[in-house]
Amino acid sequence: MSDFTMDADHPGLAMDRGVQGVLGAALDRSEGALKVSGAAHYGYEHLVEGEVAYGYLITAPAAKGKVTGIDTDAARALPDVLDIIVDDPRIPRQAAAFGPAHTGNDEIDHWDQVVGVAVATSFEAARAAAKAVRVHVAIEPGHFDTMADIDKASGPPKDSRLQDIAKGDIEAAMAQAAVTIDQIYTTPNHVHAAMEPHASVAIWNGDSLTLHSSLQILKVARQVLAKSLGVADDKVRILSPYIGGGFGGKMLGPDAVLAAIAAQKLGRPVKIAMARRQLFHNVYRRTDTHQRIRLAATEEGKLLAVGHDSVISQGPDGGFMEPVALGSISLYEAPVRHFSHKVVTLDMVMAGAVRAPGEAVGTLALETAMDEMAEALGRDPIDFRKLNEPKVDPMTGAPFSTRGLVACLDRGAEAFGWAKRSAQPGQVREGEWLIGMGVSAAVRINLLVDSEARVTLSPDGRARIETDMTDIGTGSYTILAQIAGEALGLPMERIDVILGDTDLPPGAGSGGSFGAASAGSSVALACEDIVATLAERMGAKAQDMTLKDGHAVAGNRRVPLAELVGDAPLVAMGKISQGSNARTFSQAAHGAQFAEVAVNAVTGEVRVRRMLGVFEAGRILNAKLARSQAIGGMIWGIGYALMEEAVLDQRHGQFVNHDLGEYHVPSHADVPPLDVLFLEEIDTHANPIGVKGLGELSISGAGAAVTNAIYNACGVRVRDFPLTLDKIVFGLPEM
């Protein structure tokens, strides 16, 4: 077993010496045909033997109060109803996430809180029964406004990824600097909008549970589900081979726990799919943010101080804190630095991780402020950022593992035609459309988590990869096969990848942009052991042996792998864990985002005309999949800049636009041609395979590039996101 702790730069791997030519290639996703043909069964689609029951969540029509009674008589009298479960003490109040949720249904602490489940012989009957249940609540006044309760705010929880940081006196720096920016930027609540709903199928066999679901990190979900049900971990098996979008929200929802409870009580399989409207209040949201950005600079443009102070919200059960300033801490050089977070508890569903927690919303504010500061200084926004490029981490003094921000800015400026941009807003017009360009830096911290994988090379010359790693549409099946194919010298069609099953070795799971680095490293390390055995049987050193097309070549001999394997398969385990490199080096992926927009000078309508993202994210494992990830992130950025907002009714604590008809996300008509460039640099300090996270990096900065372009087009600066046309139209220049 290769058990590797990332404590130092690593020697070359077999995949680095490989000549198969699959690593990095722009290959199609190996499971793509299954998905588009309908042959890939998602969690709710699992085919179950025997009679299946269907559940529908029962929720409360209030945001705060005590339950005085639950009337189930009318529901129980409906045809095909099997049970109405409202009295089980294990009923979860909301998403369990990384630990069991608070249970019970005697108190309500957020709108639409789950209080039980109706179970029937059909989905329609279960839905009708759930809606027939009457939940009586003695309503109490709720708190739904973050800034209204600022006096009750607390600091970051002790276990938060980011604590408050102060270096130097920012008040003094702001008072003494030649040029300063001190502005408030706000972002609204965001919700997960994955195409596939949260859904589960629970099947008990004696005292053992099998759950088919849509979950991102299975080893954690298994532990949480077992604890929620009061059973041992080894009594729970979770299968999640395909996931229709995760983004941080597919951890463990009430659908999974209640399906297990209902199936256990009824003695038959139970399926539960949460309705789209239920997702808005029972799967954690991204908090609203209120960000104060302070920048102080010399007349020449050198930053003297950077301050990023945020007020965010959380629900009564939540322990997660949105690390808003996570990307800001080490992005620019400045001797004085101040980063803080205040957390206000509201009577709302808890806040949690939504794709790129911290950087996605933090860069909206910081990179807008950097644009404002560049204008105040009379400097080009790119030159201003380059002027304040640090040589080492400005917070810790640690060297960067790699850092390509300046290279991304330069390459992007050339490719995008930045030299044609007018520095003065409102100068480029096409009819009634005002045209502008904007730029933003992108950053995402790099993470490595524990991950294991088993690789088997069989006597017939096929390889099999097994890990409970998941694929949320990012291409895990494909890139893991590419890593093994390059290391073992096998074409893709001779590699089988089995994922999403807790009976397999515990992988990293999908989240935090750490999946490829962690799961990929464990696969690469398992292959190392197999290659070492093959080399020994060839009578050669591993570095002197070439593996290609199912053959080993060394010392003028070419031997089929099947012959070297013999009668018994070669089985190896690879395990990766974080080591001292995480502390020795400052690790992050970087990029530069460019946008061109048109703003209608009459209506304020914004059309994004083109975008370019240039990214440095270590080794690119698959050029096509990486590009797809980057494009997806940039589209999220467009949404955050222009439309995405969960609108809260402050009277009742309810999101009023709780469906995809009114919670607007970018559609085809909103998205222009997007271009992506990668500046590949293998980061051997980060992990054995030299990759960095990409999916969340490409969200970072994308929104700010759009809003900076809007200002350049029409001279209207909006600091309250999203920039809907009503916030733009009244500031437009006269025609």
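Along the sequence shown, residues carry numbers from 1. In this text the structure is predicted, and so the values were computed from the model without any measurement.
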Would Q482 and N622 count as having a side-chain donor-acceptor pair, cut-off 3.5 Å?
yes

Please work out whether the ring planes of Y640 and H190 are parallel, tilted or perpendicular, with thresholds of 30° and 60°.
parallel

Are S476 and R29 close enough that a side-chain donor and a side-chain acceptor fall under 3.5 Å?
no

Does E372 reach the side chain of L377, with side-chain heavy atoms less than 4.5 Å apart?
no

Which distance, rounded to the nearest 0.5 Å, do you find between the CG of L570 and the OG1 of T456?
9.0 Å

Closest non-hydrogen contact found for G358 with E322 is N-OE2, 2.7 Å

Which pair of heavy atoms, one from S451 and one from A508, lies closest together, and at what distance?
OG-N, 3.1 Å

With a 6.0 Å cut-off (strictly less than), is the heavy-atom count around CZ of R17, excluding the residue itself, greater than 12?
yes

State whether R355 and E696 are salt-bridged, where the test is any N-O pair (Lys NZ or Arg NE/NH1/NH2 against Asp/Glu carboxylate O) under 4.0 Å.
no

When you compare the side chain of Y332 with that of L366, does any pair of heavy atoms fall below 4.5 Å?
yes

Does a side-chain N-to-carboxylate-O contact under 4.0 Å join K386 and D410?
yes

Rounded to the nearest 0.5 Å, what separation is found between the OG atom of S401 and the NE2 atom of H685?
7.0 Å

Is the shortest heavy-atom distance from the side chain of E528 to the side chain of L13 under 4.5 Å?
yes

When you measure from the side chain of N388 to the backbone of L303, do you find a donor-acceptor pair of N or O atoms at a distance under 3.5 Å?
yes

Flag side-chain contact, heavy atom, 4.5 Å: L218 against S240
yes

Within the structure provided, determine whether F339 and V306 are in side-chain contact (heavy-atom separation under 4.5 Å).
yes

Just checking, any donor-acceptor pair under 3.5 angstrom between side chains of Q291 and H308?
yes

Return yes if some donor-acceptor pair links the side-chain N/O of T396 with the main-chain N/O of A398 below 3.5 Å, else return no.
yes

T287 vs Q314, test: side-chain contact (heavy atoms from CB on, under 4.5 Å). Steps then yes/no.
CA-CA 7 Å; T287 174; Q314 183 51 274; over 6 Å; no

Which atom of D393 lies closest to which atom of S330, heavy atoms considered
OD2-OG, 2.8 Å

Are there more than 12 heavy atoms of other residues, nucleotides or ligands under 6.0 Å from atom CD of Q543?
yes

Between D371 and V439, is there a donor-acceptor pair closer than 3.5 Å when you use the side chain of the first and the backbone of the second?
no

With distance as the sole criterion, is a donor-acceptor pair present between the side chains of T187 and T289 under 3.5 Å?
yes

Do L23 and L621 touch side chain to side chain, with heavy atoms closer than 4.5 Å?
yes

Which is it for L326 and I445 under the side-chain contact (heavy atoms from CB on, under 4.5 Å) test, yes or no, and what are the steps along the way?
CA-CA 8 Å; L326 193 60; I445 61 166; 3.5 Å; yes

Test: K692 and E616 ion pair at under 4.0 Å:
yes

Tell me if a side-chain donor or acceptor on R337 pairs with a main-chain N or O of I329 at a distance below 3.5 Å.
yes

Please round to the nearest 0.5 Å and tell me the distance separating atom CG of L331 and atom OG1 of T363.
9.0 Å

Please examine the side chains of H341 and V324, heavy atoms only from C-beta on, and report whether any two atoms are closer than 4.5 Å.
yes

Can we say E681 and R403 salt-bridge, meaning some charged N sits less than 4.0 Å from an Asp/Glu carboxylate O?
no

For the NZ atom of K219 and the OG1 atom of T467, what is their distance to the nearest 0.5 Å?
8.5 Å

Is a side-chain N or O of K250 found less than 3.5 angstrom from the main chain of G245, in a donor-acceptor match?
yes

Taking all atoms of both residues into account, what is the closest heavy-atom pair of M15 and E486, and its distance?
O-CG, 3.4 Å

Holding to side chain to side chain contact (heavy atoms under 4.5 Å, CB included), I want the full list of residues that pass it with Q176, two or more places apart in sequence or in another chain.
A172

Do R619 and E680 sit within salt-bridge range, that is, some charged N less than 4.0 Å from a carboxylate O?
no

Of all heavy-atom pairs linking H590 and A588, the shortest is ND1-O, 3.6 Å

Any donor-acceptor N/O pair, S518 side chain to G515 backbone, under 3.5 Å:
no

Check the angle between the aromatic planes of Y284 and H192 and answer parallel, tilted or perpendicular using the 30° and 60° thresholds.
perpendicular

With a 4.5 Å heavy-atom cut-off, do I217 and M251 have their side chains touching?
yes

Give a yes or no answer on whether the side chain of T474 reaches the backbone of D471 with a donor-acceptor pair at less than 3.5 Å.
no

Salt-bridge contact D450-K575 (side-chain N to carboxylate O under 4.0 Å):
no

Checking Q593 side chain against V614 main chain: does a donor-acceptor pair fall under 3.5 Å?
no

Any ion pair linking D309 and R294 (charged N to carboxylate O, less than 4.0 Å)?
yes

If you measure from the Lys or Arg side-chain nitrogens to the Asp or Glu carboxylate oxygens, is any gap between D164 and K342 under 4.0 Å?
no

Which heavy-atom pair separates A686 from V691 by the least distance, and what is that distance?
CB-O, 4.1 Å

Do side-chain atoms of E367 reach the backbone of A704 as a donor and acceptor pair under 3.5 angstrom?
no

R379 side-chain N/O to E300 backbone N/O, donor-acceptor pair under 3.5 Å
yes

Quick one: pull up CG in L625 and OH in Y477 and give me the separation to the nearest 0.5 Å.
14.0 Å

Could you tell me the separation between the CD1 atom of I689 and the CD1 atom of I479, rounded to the nearest 0.5 Å?
7.0 Å

